[in-house]
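Only one structure is covered here, and it is reproduced in the block below.
Convention: sequence-line order gives letters A, B, ...; per-chain numbering from 1.
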Amino acid sequence: MSHPYRTQPAAAFWPQAIAEIPAGEVDPTHGIDFTVKLHEKIATAGSCFAQHIARHLSAAGFNYLSFEKAHPVVDPQTAERFGYGLYSARYGNVYTSRQLLQLAQRALHHRSFQDTVWHDRDGNPVDAFRPQITPGGYSSVEDLEADRQQHLNCVAQMFREVDVFIFTLGLTETWESLVDGAVYPLCPGVSGTGSFDESKYRFLNLTVEEVLRDMEEFLQILRHENPKARVLLTVSPVPLNATASGKHVLSATTYSKSVLRVACETLSMRYTNVFYFPSYEIITGNFNRGTYFASDLRSVNESGVGHVMRLFMQRCGNRTVADGEPIERPEAPPVAPDPSISVANLIKVMCDEDALRYHVE
Amino acid sequence: MVALTVGCGRHMSRLRNGLQLGVAMPGYVFIGNSHIGSLTYSPTGQRQMLPDGTPIRLINFNEIERLENSSMFEPDLTNFTEIIKAAIETAVSELGGDVDAVLLSLGGAEHHLISIIQSNTPYRLEGDPQASAQYIPTPVMKATLENKMSWMNTALDILEARFPAPKFFLEYPPPIASAEYILAHTPKAVMTPEIAITPVATRLSMHNIMREVVQDKCRERDITFIEVPPELKCEDGSLSEESYGNDWLHASVGFGDVFLSSISQVVGSHLRREAA
C-alpha cells in the first residue's frame, strides 16, 4: 500500500537521521536550497552566535565584508576591543527583530529616536543603541554623534551592497522607550550604562506576530534599497542569560527560541529570497547530548560551531570540509601601501638613525 | 653638599637644609627623548644649568646606542627593560643620582608618526571639521596611543625605583601649523612628489589626545604635568611660529628658554611647598 512516507528520504526518519548514526554525521540541512558563491558579498548581524559565523566565513575565504573597518593607524588589538570586525559594521549585538528593523530605519533615515545617549558610571556618554561598543564611553556627545553618524552610513552602505545578509535572531525580550518605541540591546542601568526609570522604559516580550511584522518591514526596506539581496536567517542556540518575563529562565528561553524559530520558518516559506539555516537544531539537538555547550551550558564550544560551519560549507558553500581541516583562503589582491603607515615605519628606522634626534640650531 | 638621610622625604630635608645653609643644590635631571633637546641645549651647546642657576643633567634616550638598535617605538620589552636599566645606571654613575627633581619628556614622536603625513584613507578626530575623512572616535585613538606608549610604563617603573625625587612631565611641543614649513623640512628619505601634510586640526586633536594619555599616566603615578605656556602657542593651540625648530616636529631653543622659565617656577614652587 502506498503512502507519502514511503517516498521520504532517510533524513525524514528519526532512527536513520538521528538515533542510528554518529552525532557528528547528523545533518539537518536537508532540503535547503541556498548556495553562496565565493565572490558574493556577505554581511552578518545578530546575537553573539553570529560572531562565530562571521569568523568562520572570513577564515574560509568567503567574501565576508566589513563595511566599517578600523582605520589602518589603529592597531588590531585596539580595533577588536572597540568592536571593529565582530560583525560587518560596529552595531554590536542585534538581538531582536525590532532592533534590526530600527537599525535599518535609522541608517536609511526612515526614523529617528529621542533617547539615544546614555551615560556610564563615570558620566561618559554611551551610545544607547550599542552601549558596549566603546568601553569607557565617549569623550563627549559630539564624539559619540560623529562616530554614530559614520556607523549608520556604513550600515546603509552595507544594506545597499550586500548580496547575502546573514541574521541570527537571538531574543524576543527587549526594553522599549515609552517616548517613541526605541528598543535597546541592554536594559538601561545594566552594566552601569544608563539608568532605569519605569516611567521611561518598559519590558517587551515580542510575539510571533510582532517578530513577523518587524522582519517583513525590514525585508521591505532591504528590497527597496537592494532588490538582489538574499537573507539567510538563523536562530541563536544560546539560551537567555536572564529573563524579565517573570517565568523560569528555561521556560523563557523555550518561548523565545520557539517564537524565533516559527518566525524564521514562516518567513522562509513566504519569501523566495529568505532562507533558514538550522544551526539552532545542530547545537541544541539532543543527538549531541549537550556536548556542544561549554560548562556554563550557554556558550557554544568550537566543536559545535565546527559542526554548524562544516554543514554550512557543504550545503551552502558547495565545499566539503572535514573536521579540523584548514581551509585555504584565496589569495588577497595586492594593496598599495598607505603612505602614512609606510612613512611611520620609515621614520621608526630614521629614529634609530638619529633622524628625530634634536640637533642644535 | 649636605649629608642626607636615605628614604622618604630625603629631598625635602635636603632642600630645607640647602635653603637654610645656602649650600649648592644637587639640581634637576632631564630624562627623555628628542624633545628635551630644545630645553637642554642653548645656541652655544648643552646647558649646564637653568637660568635660575639650578644645575641640570641630562639622560637622552635617543643617544643610547643599544636602545636605538632595539627601536624605541616598538621595543622588545625584555631587552628594553635591561637596556634602559643599564643606561640609567650608567648615567647615574657618571652624573650622580642625587637630584631634587626629575623632569621627564619620554617619547613624544608616537603621535607624529601617525599624523604628519596624510594617509591614503584620510582620517579625522574630534574637533576636526574635515567632513569626508574617516572618523576615529577619541577613545579609539587614545587606546591606540596608549598601546604605542606602553613602553613608557617600563621606563617609569625603572626611573621611579632609581629616582625617588618628585617628578614632572613636560608637555610635548604642540604641532607646527604650517604645512609649507613641514614640507620644507621633511626628511629627504620620506619625501615623495605625492606627499601631503595632514590638516593642522587633525594634528592638534592628535596632540590633545596624546596629552590626555600622558596626563593619565601622570595621575596614576603622582607625576606633575607641566603645560607648555600659552605664549608659546597660537590661538588655535599650535606652536607659535617663533618656536618652530629646525626640523618638521621639534621646537627651537628659543621655545626652550621660555618653557624653562615656566618649568623653573612650577618645580621651584612645588619643592618649596613640599619643604614647608
Side-chain angles (χ1 to χ4, degrees), chain A residues 68-84 90 124-127 133-151 153-154 335-361, chain B residues 33-38 40-46 60 62-63 68-74 109 112-121 123-124 126-127 134-144 146-148 187 189-190 192 194-196 198 209 212 245-247 249-250 252-254:
Chain A
E68 190 175 3
K69 287 184 182 148
H71 191 278
V73 299
V74 177
D75 61 272
Q77 189 190 341
T78 301
E80 191 183 340
R81 194 173 139 217
F82 286 88
Y84 291 94
R90 287 174 71 222
N124 296 322
V126 170
D127 188 339
I133 208 73
T134 301
Y138 287 88
S139 70
S140 65
V141 173
E142 292 72 28
D143 186 34
L144 184 157
E145 297 287 4
D147 187 38
R148 176 154 58 201
Q149 191 49 57
Q150 176 166 276
H151 162 65
N153 291 344
C154 294
V335 179
D338 189 306
S340 67
I341 305 303
S342 50
V343 165
N345 290 331
L346 193 48
I347 294 172
K348 275 180 215 163
V349 176
M350 289 169 59
C351 279
D352 292 341
E353 294 170 0
D354 301 347
L356 293 182
R357 181 180 291 171
Y358 182 78
H359 299 288
V360 177
E361 285 166 301
Chain B
N33 296 92
S34 53
H35 288 303
I36 50 173
S38 65
T40 54
Y41 282 83
S42 73
T44 53
Q46 192 176 326
N60 186 344
N62 279 42
E63 288 171 359
E68 287 171 6
N69 294 337
S70 146
S71 175
M72 193 71 202
F73 300 101
E74 277 177 13
H112 290 303
L113 294 180
I114 55 173
S115 67
I116 287 193
I117 305 293
Q118 183 76 277
S119 165
N120 274 349
T121 313
Y123 66 85
R124 65 192 170 99
E126 192 176 1
Q134 179 174 344
Y135 186 72
I136 304 179
T138 300
V140 174
M141 196 67 251
K142 196 172 169 187
T144 300
E146 278 165 353
N147 273 357
K148 289 184 184 297
V190 296
T192 64
E194 305 81 32
I195 201 167
T198 304
I209 297 172
E212 270 185 45
N246 57 357
D247 63 21
L249 51 86
H250 292 101
S252 64
V253 291

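Of all heavy-atom pairs spanning B:Gln134 and A:His71, the tightest one is NE2-N, 3.3 Å. Heavy atoms only, all atoms of each residue included: B:Asn147 and A:Gln77 are closest at ND2-OE1, 3.7 Å. Considering every non-hydrogen atom in both B:Pro137 and A:Tyr138, the closest pair reads CB-CE2, 4.0 Å.
With A:Phe82 as reference, B:Val140 is the one residue of B:Thr144, B:Val140, B:Ile136 to meet the side-chain contact (heavy atoms from CB on, under 4.5 Å) rule.
For the set A:Pro135, A:Ser140, A:Ala70, A:Gly137, the count of heavy-atom pairs under 4.5 angstrom toward chain B peaks at A:Ser140.
Using a 4.5 Å cut-off between heavy atoms, A:Arg148 makes no contact with chain B at all. Heavy atoms closer than 4.5 Å to chain B are found in the side chain of A:Thr134, but not in its backbone.
The structure places CD of A:Glu145 at 10.5 Å from OH of B:Tyr135, a figure rounded to the nearest 0.5 Å. Note that NZ of B:Lys142 and OG1 of A:Thr78 are 13.0 Å apart. Values are rounded to the nearest 0.5 Å.
A:Asp143 places a side-chain N or O within 3.5 Å of a backbone atom of B:Thr138 that can act as its donor or acceptor partner.
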